[in-house]
There are 4 protein chains.
Amino acid sequence: MSVNDDGFTSPVPAHLAVSSTAERPCPAAAGSQKEADSARARNRLVTHARLKASATELFAARGLRNVTTHDIARGAGVAAGTFYLHFKDKRVLLREIVLEALADLRTEMDLAARGCSGVDATRKHVESVVTFAERRGEVVRILFSHENEWEELQTHVLNTLADYCESVLRTQQTEGLIGSDVAPAIAAQAITGLQARVIDWWTKDPSRATRDAVIETLYKLQLTGVYGPAVTAE
Amino acid sequence: MSVNDDGFTSPVPAHLAVSSTAERPCPAAAGSQKEADSARARNRLVTHARLKASATELFAARGLRNVTTHDIARGAGVAAGTFYLHFKDKRVLLREIVLEALADLRTEMDLAARGCSGVDATRKHVESVVTFAERRGEVVRILFSHENEWEELQTHVLNTLADYCESVLRTQQTEGLIGSDVAPAIAAQAITGLQARVIDWWTKDPSRATRDAVIETLYKLQLTGVYGPAVTAE
Amino acid sequence: MSVNDDGFTSPVPAHLAVSSTAERPCPAAAGSQKEADSARARNRLVTHARLKASATELFAARGLRNVTTHDIARGAGVAAGTFYLHFKDKRVLLREIVLEALADLRTEMDLAARGCSGVDATRKHVESVVTFAERRGEVVRILFSHENEWEELQTHVLNTLADYCESVLRTQQTEGLIGSDVAPAIAAQAITGLQARVIDWWTKDPSRATRDAVIETLYKLQLTGVYGPAVTAE
Amino acid sequence: MSVNDDGFTSPVPAHLAVSSTAERPCPAAAGSQKEADSARARNRLVTHARLKASATELFAARGLRNVTTHDIARGAGVAAGTFYLHFKDKRVLLREIVLEALADLRTEMDLAARGCSGVDATRKHVESVVTFAERRGEVVRILFSHENEWEELQTHVLNTLADYCESVLRTQQTEGLIGSDVAPAIAAQAITGLQARVIDWWTKDPSRATRDAVIETLYKLQLTGVYGPAVTAE
DNA sequence: GATGAATGAGATTTCATTCAT
DNA sequence: AATGAATGAAATCTCATTCAT
């Protein structure tokens, strides 16, 4: 049984759901306009993507509150008002960026650990987190920065990761790999915090440690913490 | 030699230093007015303290950016302008609150671990952090929340704690308690993140776990992580 | 050679330069939108002009410091924030008004004295200053009022006029019309002050003297002082 | 007959009158306290004078609007509230400074021209103005700077000087020294502006011209203009 | 859809003035 | 009289959001 199956039982809360803006049915879709329409639709997606990319870059660099919708629009090369044709407001945009990144991370962790179990799955998870951080440093900065106004979102991110972690822990506890003296809920928070902090610290300045050192340390700390004597696993 | 002695050699950077409130030199304290002066001075301190208390409460509840200087003044029961008689601006106030809390926490950790070493010191540290969180939940929320604009401050807090942690780890490594395969710098970040996350999570809703469960889990995770097999230490 | 050619070699200092309103490059003027764009551009200029007119009126009546940006916006019939879409702040607006007026005055003086020289040019200059004051009393009030905060600007105005005057004096001295005992630099300041004061005084209440009396007196005083026998000089 | 007799027929308007603040009768003047009282009264005058000196210096340096009552008090070495024990508000203080300076200038001009008449009186007047500017540059800067909020006061200063000038002109016209084509009211404004401007310009940077050059130029221009025959008038 | 000028609520900050001690 | 903390009105400036073209 893969822990992945349990990991995401926590659905996105209604108020955080990403409602795609591009749903409105095209009002006048006269036959001969199909091509024009699809061209238009493509343009729309391009603009949408550019806005999101611009926002990601700016949020990562300056923080959420120090970026204006005008900044984002300028960064995307569109007019100020265009922003609101794609996103209801700044929060929605952030939500979209964060939830997308979170889903990506989860997918990558799932894929990495596919077919593994126990200690091996944990190692794969650590590796995939580090890989994700290397490839998408900007988005990681956003994911793990908490600005209070968006605490709801921040909490959702950490809780999603912690829930996943907790499910893994419970499974392993059931299997007798972890002692019954470990409280999965608390331990899950601890491991999430541990990873988030190290990843944030390392992402800010990757020269601080080699990729391998980060992986090894995360793995060892995590494993030997819950498995006790088994550090010798190595 | 106690590691505690080394732990806080990292002085507060100049730009974060809390300048004492009594900056302005008292121009002339004529003889017969001493009482009046001291009464005024006392009142001033009271107002200062009330502003700080008001700000602490509000910052913890709503975050820095969602609290106006007027809110703080209102919470303290003084006029809007009074704020600026005591603090140059919001940042300065936050800085004062945070650095004060950080110093308090450090002091408590030092006192708690006095005379202990090795595993015992670690346990005392964990206990004092949890105790601090129980008594001063509000300030802990501020300490462990990061808003990007104050990243500098946030970084200072975490680094101060991580530096402390790192010095403990290095000492124990020297003493052979920890294997040489542990990178103290990374591990220190990890442990700091682990503690900060759990404390933040628990402080938000203390009913989530008992005090003892939190202490035990933090202790166990931390210890068995670095000590490997020695979890049996207990 | 006309002295007018020399008179305004003093360029506007960089920090006082009026940056053209059309700074922001128009990003992309798609073909079919030209009309819409130009309509918007026209509206923008109208708003800009209304703000400037409103400010001119208010500054003349109440002085720079007693006029708020809100007053100016209200006077122009736009919202408060609109002010800042057109001018970085009040100073920039004042600068624009003053430098524009100064340029206009200079142009009118140049045109009036075109083809004249010596005494005739002086007379034309006096006439054009008086005419300018009659037509644009408000702006003249601003031009010749000095508020210390804007001393830089005030100094620029008077020095520009004085420089012009000085160049005229030097030319006439070269031509032997003026004795060598006259120090052009000092005399230029004197004549500038003389004209500014009379114009300001008269503009405040034009019923104080007829236009002709003002012109005659300015002309006579400048040329031959109060004792001068020969107003008949001409 | 001295023109001085006519010069100050314009009394200070009621709203500009300096009402001494130190008028309140001493409530409890028990016999044996005379000395204490007089010592106190002396102290009061000292404080009053220091406030005025502080204000004069600051106004001259930074302009009226850029000086706060706190600045003035600090400059005088007293507490903020003390300011209001001596002056009803900032305006009153400025008024006191300006009217005092104006009275001083007038007195010096009177004394200088005592016994002189005609051209000689004019020369003496010019000399005394320049001397005043040399000795009391600060106050002159205040006297001749116009900030719109205090236009009333500024107008009073210039009109006082212009009135004086006008009376001189009328006298000389009566005596046949000046032609009937000169309008005394306008000419008086012109001469006042001329002097004020040159004095202001020179005071800002006395190295711009020697004292004698300033006097000679002011004198010559006033008497015979720039074209005037030779200053042979003397 | 895109544009970008306009909107207006709201936050920060200053400072003349008062008043309890 | 002097003190200096407190007051609170007022000004500047920003920016999320709307809307006519």
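These figures come from a predicted structure and were not determined experimentally.
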*Asks:* Among residues at least two apart in sequence or on other chains, which ones pass side-chain contact (heavy atoms from CB on, under 4.5 Å) with B/Asp89?
*Replies:*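 B/Asp89: side-chain contact (heavy atoms from CB on, under 4.5 Å) contacts with B/Arg91, B/Val92.
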*Asks:* Whole angstroms only, please: what is the CG-C1' distance between B/Asn43 and F/dG4?
*Replies:*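 Distance check: B/Asn43 CG to F/dG4 C1' gives 12 Å.
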*Asks:* Would you mind classifying the nucleic acid contact of A/Asp89 as base, sugar-phosphate or nothing, using non-hydrogen atoms under 4.0 angstrom?
*Replies:*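 A/Asp89: backbone/sugar contact only, no base atoms under 4.0 Å.
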*Asks:* Take the protein atom CG of D/Leu85 and the nucleotide atom P of F/dT3, then report the distance between them rounded to whole Å.
*Replies:*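 Atom CG in D/Leu85 sits about 9 Å away from atom P in F/dT3.
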*Asks:* Separation of D/Arg42 atom CZ from F/dA1 atom P, in whole Å?
*Replies:*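 Whole-Å distance recorded here is 14 Å.
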*Asks:* What dot-bracket string describes DNA chain F from 5' to 3', counting Watson-Crick and G-U wobble pairs whose defining distances are under 3.5 Å, with [ ] for crossing pairs and | for pairs to another strand?
*Replies:* .||||||||||||||||||||
*Asks:* For B/Asn66 and F/dC15, give me the distance from atom CG to atom P, rounded to whole Å.
*Replies:*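 Spelled out: CG on B/Asn66 to P on F/dC15 is 15 Å.
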*Asks:* Do the two ring centres, one from B/His48 and one from B/Phe87, sit under 6.0 Å apart?
*Replies:*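 That pair passes the under 6.0 Å test.
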*Asks:* For B/Thr68, which contact category applies under a 4.0 Å heavy-atom criterion: base, sugar-phosphate, or nothing?
*Replies:*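 The answer is sugar-phosphate, as B/Thr68 gets under 4.0 Å only of primed atoms, P, OP1 or OP2.
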*Asks:* Does B/Gly81 or C/Ala80 map to a spot on DNA chain F nearer the 5' end, using the closest nucleotide for each?
*Replies:*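 Final value for this comparison: B/Gly81.
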*Asks:* Are B/Thr47 and B/Leu85 close enough, and set up right, to give a side-chain contact (heavy atoms from CB on, under 4.5 Å), and what steps lead you there?
*Replies:* CA-CA 10 Å; B/Thr47 300; B/Leu85 295 178; over 6 Å; no
*Asks:* Work out which heavy atom in B/Ile72 is nearest to a heavy atom in B/Ser54; give both atom names and the distance.
*Replies:*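 Heavy-atom minimum between the residues: O-OG, 2.8 Å.
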*Asks:* When you measure from every atom of DNA chain E, which of residues 69-77 of chain B have a heavy atom less than 4.0 Å away?
*Replies:*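 Heavy-atom cutoff 4.0 Å gives B/Thr69, B/His70.
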*Asks:* Within this structure, what is the OH-to-P distance between A/Tyr84 and F/dC19, rounded to whole angstrom?
*Replies:*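 These atoms are roughly 13 Å apart.
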*Asks:* Counting C-beta onward and ignoring hydrogens, is there a side-chain heavy-atom pair between A/Leu94 and A/Ile142 closer than 4.5 Å?
*Replies:*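 Yes, at least one pair of side-chain atoms sits under 4.5 Å.
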*Asks:* Within a strict 4.5 Å, meaning less than it, do heavy atoms of the D/Leu93 and D/Lys88 side chains meet?
*Replies:*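 Side chain of D/Leu93 against side chain of D/Lys88, heavy atoms only: no contact under 4.5 Å found.
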*Asks:* Of the listed nucleotides (F/dA2, E/dT3, F/dG4), which one gets closest to any side-chain atom of D/Thr47?
*Replies:*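 Nearest listed nucleotide: F/dA2.
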*Asks:* Quick one, C/Thr69 with C/Tyr84, criterion side-chain contact (heavy atoms from CB on, under 4.5 Å). Give me CA distance, side-chain angles, the key distance, then yes/no.
*Replies:* CA-CA 9 Å; C/Thr69 55; C/Tyr84 292 93; 3.3 Å; yes
*Asks:* So, the side chain of C/Asp71 versus the backbone of C/Val67: is there a donor-acceptor pair under 3.5 Å, distance only?
*Replies:*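 Side chain of C/Asp71 to backbone of C/Val67: no pair is present.
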*Asks:* Which nucleotide wins on minimum distance to the side chain of D/Lys90, given the candidates E/dG4, E/dT21, E/dA16?
*Replies:*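 It is E/dA16.
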*Asks:* Mapping B/Val67 and C/Phe83 to their closest nucleotides on DNA chain E, which lands nearer the 5' end?
*Replies:*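 Going by which nucleotide is closer to the 5' end, it is C/Phe83.
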*Asks:* Taking all heavy atoms of D/Ala80 and all of D/Ala73, pick out the closest pair and write down the distance.
*Replies:*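 Looks like CA-CB, 3.9 Å.
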*Asks:* What is the separation between atom CZ on B/Arg40 and atom C1' on F/dA2, rounded to the nearest whole Å?
*Replies:*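 Atom CZ in B/Arg40 sits about 9 Å away from atom C1' in F/dA2.
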*Asks:* Using a distance-only test with no angle check, is there a side-chain donor-acceptor pair under 3.5 angstrom linking C/Glu96 and C/His86?
*Replies:*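 Not at all, the side chains of C/Glu96 and C/His86 share no donor-acceptor pair under 3.5 Å.
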*Asks:* Ignoring backbone atoms, establish whether D/His86 has a side-chain N or O less than 4.0 Å from OP1 or OP2 of F/dA1.
*Replies:*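 For F/dA1, neither OP1 nor OP2 has a side-chain N or O of D/His86 closer than 4.0 Å.
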*Asks:* Could you state the CZ-P distance from A/Phe87 to F/dA16, rounded to the nearest angstrom?
*Replies:*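 The answer, rounded to whole Å, is 15 Å.
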*Asks:* Using whole Å, report how far NZ of D/Lys88 lies from C1' of E/dT17.
*Replies:*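 Atom NZ in D/Lys88 sits about 10 Å away from atom C1' in E/dT17.
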